[in-house]
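Keep in mind it's a predicted model, so treat the numbers as computed, not measured. Chain letters run A, B, ... following the sequence lines, proteins first and then strands; every chain starts at 1.
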Amino acid sequence: MPELPEVETIVTDLRPRLVGRRIASFRVGKKNLRRPWNTRWTSALRGKKIETVVRRGKWIVLRLEKGLHLVFHLGMTGQLMVVQARQPLASHTHVVADLDETDEQLHFRDIRRFGSVTFFAGEAHVNRFFHDSGLGPEPFDLEPGYWRNCLARTSRCLKAVLLDQRVLAGVGNIYADEALFEAQLHPRRLGRTVRPQEAGRLRRAVIQVLNRAIYKRGSSIRDYVGGNGDRGEYQEEFRVYSRAGAPCVRCRRPIRRIRLAGRSTYFCPSCQRNRSQFRSQESRVRSQKKSEW
DNA sequence: ATAGGCGCCTGCTGGC
DNA sequence: TGCCAGCAGGCGCCTA
């Protein structure tokens with residue numbers, strides 16, 4: 001579910017409510033999440049003070065004293081929030097941490113359980129974890145030269161490149177589509193056919209769309225809520241995502257939905273023309289057949 | 001190297 | 001009302 005803007009909002013909400021507090025006790029439910037929980041980690045966490053709360057891509061990292069780290073991924077339906085201890089436990093709550101000196105708790109809730117919680121005993125372990133997964137740079141730190149290179153040496157389509165967390169971290173299905181619309185590039189456009197000027201446009205579009213979404217506290221479609229439990233508002237600003245058949249805000253022609261990289265993909269066929277100079281044999285054959293008619 | 005399909009899960013919606 | 005297919009902010013594995 002949550003992409004960079006949603007995770008950023010959660011981290012911003014949680015930071016003032018978590019930093020400086022101690023984890024008095026920590027409980028993990030019986031149902032499996034994406035990664036297994038080692039019961040030894042539970043006792044290691046007891047009494048530890050939370051020092052920082054940061055985001056890396058779509059990951060949430062809690063640094064505790066003595067270099068201990070607690071790392072969350074929200075998958076599709078994950079929620080991480082601080083709630084009053086006395087209110088009844090919401091369904092699908094898999095982690096509860098009591099926060100000392102308050103009547104508050106940190107809850108991790110995840111309906112579909114594609115999310116995860118993992119423990120690391122030191123800074124180096126977390127860094128190695130991200131390094132080994134090949135996690136790419138933050139979009140805001142994306143160097144133009146690196147980005148042009150990534151595009152130039154791949155024959156994957158732009159949608160697939162944007163979704164690849166090893167190229168850049170944090171973009172998911174919504175913001176990939178929104179950024180491609182902003183840059184007026186076709187989602188099927190091949191990376192190696194993109195000109196330097198277009199690569200720059202796309203890089204800036206990604207940053208702009210993410211920043212606007214952060215400002216609106218992310219997009220709430222069904223499950224997403226921020227660290228205080230309230231919804232985002234960027235879903236009101238979607239130009240293409242989930243707008244199949246609705247008029248394009250730029251040209252009024254209907255937005256189309258296709259299946260790409262295994263995901264629903266929305267774009268304006270008129271504003272986002274596919275200008276690949278080197279199209280595949282197959283699509284050339286198709287165009288020829290079409291012109292025969 | 002790349003696309004596509006599937007699986008991991010639960011819940012919601014729309015059609016019949 | 002029930003049933004069934006299809007859909008969903010992610011991601012890793014497999015095959016061709």
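Rounded to an integer number of Å, the gap from A:Leu74 CG to B:dC8 P is 22 Å. The NE2 atom of A:His73 sits 16 Å away from the C1' atom of B:dC9 (whole-angstrom rounding). Going from atom NZ of A:Lys159 over to atom P of B:dT2 covers 18 Å, rounded to whole Å. A:Leu168 has its CG atom 12 Å from the P atom of C:dC11, to the nearest Å. Across the protein-nucleic acid pair, A:Lys58 atom NZ and C:dG12 atom P stand 10 Å apart, rounded to whole Å. Nucleotide B:dC9 holds its C1' atom 11 Å from the CD1 atom of A:Ile111, rounded to whole Å. Atoms CG (A:Asp223) and P (B:dC12) sit 9 Å apart, rounded to a whole Å. Atom CG of A:Leu33 and atom C1' of B:dC8 are 12 Å apart (whole Å).
Proximity of A:His92 to the phosphate of B:dG11: a side-chain N or O atom is located under 4.0 Å from OP1 or OP2. Distances shorter than 4.0 Å separate none of the side-chain N or O atoms of A:Ser155 from OP1 or OP2 on B:dA1. Applying the 4.0 Å criterion to OP1 and OP2 of B:dA1, one finds that A:Thr154 has every side-chain N and O outside that range. Close to C:dC7, at under 4.0 Å from its OP1 or OP2, lies no side-chain N or O of A:Arg222. Close to B:dT10, at under 4.0 Å from its OP1 or OP2, lies a side-chain N or O of A:Arg113. An OP1 or OP2 oxygen of B:dC9 is reached within less than 4.0 angstrom by no side-chain nitrogen or oxygen of A:Thr77.
Toward the 5′ end of DNA chain B lies the nearest nucleotide of A:Arg34, the other residue of the pair A:Arg34 and A:Ser91 mapping further downstream. Of the two residues contacting DNA chain C, namely A:Leu163 and A:Arg112, the nearest-nucleotide position lying further toward the 5' end is that of A:Arg112. Comparing A:Ala160 and A:Asn32, the nucleotide of DNA chain B nearest to each residue sits closer to the 5' end for A:Ala160.
Ring-to-base geometry places A:Phe114 in a stacked arrangement with B:dC8 (centre distance under 5.5 Å, plane angle under 30°).
Using a 4.0 Å heavy-atom distance criterion, A:Ile221 is classed as a base contact. Note on A:Arg166: nothing from the nucleic acid sits closer than 4.0 angstrom, heavy atoms only. Base engagement by A:Ser219 is indicated by at least one non-hydrogen atom pair under 4.0 Å involving a base atom. Here A:Tyr241 lies in heavy-atom contact (under 4.0 Å) with sugar-phosphate atoms only. Within the 4.0 angstrom heavy-atom criterion, no nucleotide atom of any strand lies near A:Gly262. Among the heavy atoms of the strands lying under 4.0 Å from A:Arg259 are primed sugar atoms or P, OP1, OP2 only; no base atom is included.
Taking all atoms of both residues into account, the shortest heavy-atom contact from A:Asp230 to A:Arg217 is OD1-NH2, 2.8 Å. Nearest heavy atom pair, residue A:Gln79 against residue A:Met81, reads OE1-CE, 3.8 Å.
With A:Arg22 as the fixed residue, the salt bridge (charged side-chain N to carboxylate O under 4.0 Å, His left out) test singles out one of A:Glu101, A:Glu65, A:Glu51: A:Glu65.
The pairing partner recorded for B:dC9 is none, the criterion being a Watson-Crick or G-U wobble arrangement whose two distances lie under 3.5 angstrom.
A:Tyr175 and A:Tyr234 have tilted rings, their planes meeting at an angle from 30° to 60° on a 0 to 90° scale. Classification of the A:Trp37-A:Phe119 ring pair by plane angle, with boundaries at 30° and 60°, yields perpendicular.
Annotation: the span from A:Cys268 atom SG to A:Arg253 atom CZ amounts to 7.0 Å, rounded to 0.5 Å.
Atom P of C:dC3 sits at a distance of 24 Å from the matching atom of B:dC9, rounded to the whole Å. On the P atoms, C:dC7 is 16 Å away from B:dG4, given to the nearest whole Å.
Geometrically, A:Arg250 engages A:Phe181 in a cation-pi contact defined by less than 6.0 Å to the ring centre and at most 45° from the axis.
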